[in-house]
There are 2 protein chains.
Amino acid sequence: MRTAPARRVRPDTAEQILDVAERLVQMRGFNDFSYADVSAELGITKASLHHHFRTKAELGRRLIERYHRRFAEALAVIDRGGAGAPAKLREYVALYADVLRRDRLCLCGMLAADFDTLPRPMKLRIRGFFDENERWLAGVLEEGVRSGSIRLRGSARDAARMVVGALEGAMLLARSYGDAARFDAAADQLLAELVG
Amino acid sequence: MRTAPARRVRPDTAEQILDVAERLVQMRGFNDFSYADVSAELGITKASLHHHFRTKAELGRRLIERYHRRFAEALAVIDRGGAGAPAKLREYVALYADVLRRDRLCLCGMLAADFDTLPRPMKLRIRGFFDENERWLAGVLEEGVRSGSIRLRGSARDAARMVVGALEGAMLLARSYGDAARFDAAADQLLAELVG
DNA sequence: GTCTATAGGTGGATAGAC
DNA sequence: GTCTATCCACCTATAGAC
């Protein structure tokens, strides 16, 4: 079943850089982490970082692309599970909760706060990430409406947008109190409104 | 009816500094505006800014305090209006929408994204702002439950927390698309779930 | 209360050797 | 692919004259 070649035990340098940068952005924001931070953590010089990612804007763009790809894969896994709409929604919420439990915000939620200061290629990809969230959620909600497990007041698209915003905001608030349970409580309330 | 002394036409320098800094923080975040930005806009030197606000941390603290005070006054105005709970909720949402329409985020929503990088006095006051929002909203929701105009699934406190998060997140998302109508749609959905 | 001048640090980025 | 060395812009903050 596994057709890909065996993975290296140690990820290559570019991946390691993305790993560290991703965590720093999710915790501090795009403009509050530096090549120097990544350099110190990985034990290689800033000049070497520039060999892998020519500019910070390019590093930022690649960060979003990888995050989006992995998120889409997680959604595909949920889809393959074949659960009903309510269970799928709970799995979706769990993706957010897992991020928060590692003391991070959603990468794109954080970048949405930095939005005004970001280069255009990053802005477009942040929207692309949210668009995919909205599309997937709207599909699940419509499926739930058809099967009678979900009750919506407006369009599935508007409900999906509301849910994404509510979860991003709940993460933001929960982290300000260092209290992941705040996120869980908010998400539970939200789902209770949607699920019959 | 007006008992306060007539206001100066030109606000004093400290207020002007707060005005400019507040807008910059709401648009760009606390770490992406500088004394140089404010200096250029007001036509006074950075050294003069330091005369009014010794450190950036102090300026940040004062920003939150003023924002909190003004917000509390706006809530008091809503209370004095004597409307029912659903109308009060709509007025509350309008406070957020007005901020967004000036291309800004909530000051404390933005600072919540910067949270990890902020000095402790600012962190405590950001929580204080959200606490007040939560307290006021919970009161309105309870009033609505008593009068039968609001239907809650959990506690008023949890519902209030969910609403604050959802509105902050909706602002964040709406601004990323430069589309204030996204906020309105999300807020309408949210209120529709609470109001009967 | 405002200015000039400057300190001391960090930012992203580049040249060129190995 | 990694390094040393360096550039220049910008940051927050201070000293001291007016």
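Proteins come first, then strands; the chains are lettered A, B, ... in the order of their sequence lines, and each starts at number 1. If you're wondering where the values come from, they're calculated on a predicted model, not measured in any experiment. All values below come from the heavy atoms of this structure, side chains included, with hydrogens, waters and symmetry mates left out.
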Find the distance [X]:[atom1] to [N]:[atom2] and express it as a whole number of Å.
{"X": "A:H51", "N": "C:dG16", "atom1": "NE2", "atom2": "C1'", "result": "15 Å"}
{"X": "A:I17", "N": "C:dG12", "atom1": "CD1", "atom2": "P", "result": "14 Å"}
{"X": "B:D32", "N": "D:dC10", "atom1": "CG", "atom2": "P", "result": "15 Å"}
{"X": "A:N31", "N": "D:dT12", "atom1": "CG", "atom2": "C1'", "result": "17 Å"}
{"X": "A:K46", "N": "D:dG1", "atom1": "NZ", "atom2": "C1'", "result": "18 Å"}
{"X": "A:I44", "N": "C:dC18", "atom1": "CD1", "atom2": "P", "result": "21 Å"}
{"X": "B:L49", "N": "D:dC11", "atom1": "CG", "atom2": "C1'", "result": "14 Å"}
{"X": "B:K56", "N": "D:dC10", "atom1": "NZ", "atom2": "P", "result": "15 Å"}

[X] near the nucleic acid: base, sugar-phosphate alone, or nothing, with a heavy-atom cut-off under 4.0 Å?
{"X": "A:F33", "answer": "sugar-phosphate"}
{"X": "B:S48", "answer": "base"}
{"X": "B:S34", "answer": "sugar-phosphate"}

Subject >> A:T13 side chain near D:dT2 phosphate (N/O to OP1/OP2, under 4.0 Å) >> reply: yes
Original post:
Can you tell me if the side-chain N/O atoms of B:H52 get under 4.0 Å from OP1 or OP2 in C:dT2?
Top reply: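 Yes.
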Can you identify which nucleotide, out of [options], has its nearest atom closest to the [X] side chain?
{"X": "B:A47", "options": "C:dC3, D:dT4, C:dA13", "answer": "C:dC3"}
{"X": "B:T55", "options": "C:dC3, D:dC3, D:dA13", "answer": "D:dA13"}
{"X": "B:T45", "options": "D:dC3, C:dG12, C:dT4", "answer": "C:dT4"}

Original post:
Is the shortest side-chain N to carboxylate O distance from A:K88 to A:E91 below 4.0 Å?
Top reply: no
Original post:
If you measure from CE on A:M110 to CG on A:L24, what distance do you get to the nearest 0.5 Å?
Top reply: 10.5 Å
**OP:** Fit a plane to each ring of A:W136 and A:Y92, take the angle between them on a 0 to 90° scale, and name the class: parallel (under 30°), tilted (30 to 60°) or perpendicular (over 60°).
**Re:** parallel
Original post:
With sequence neighbours left out, what residues match B:R175 under side chain to side chain donor-acceptor pair (under 3.5 Å)?
Top reply: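 Expected list: none.
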**OP:** Kindly confirm or rule out a cation-pi arrangement of A:R182 over A:Y177, judged by NZ or CZ under 6.0 Å from the six-membered ring centre and within 45° of its axis?
**Re:**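 Yes.
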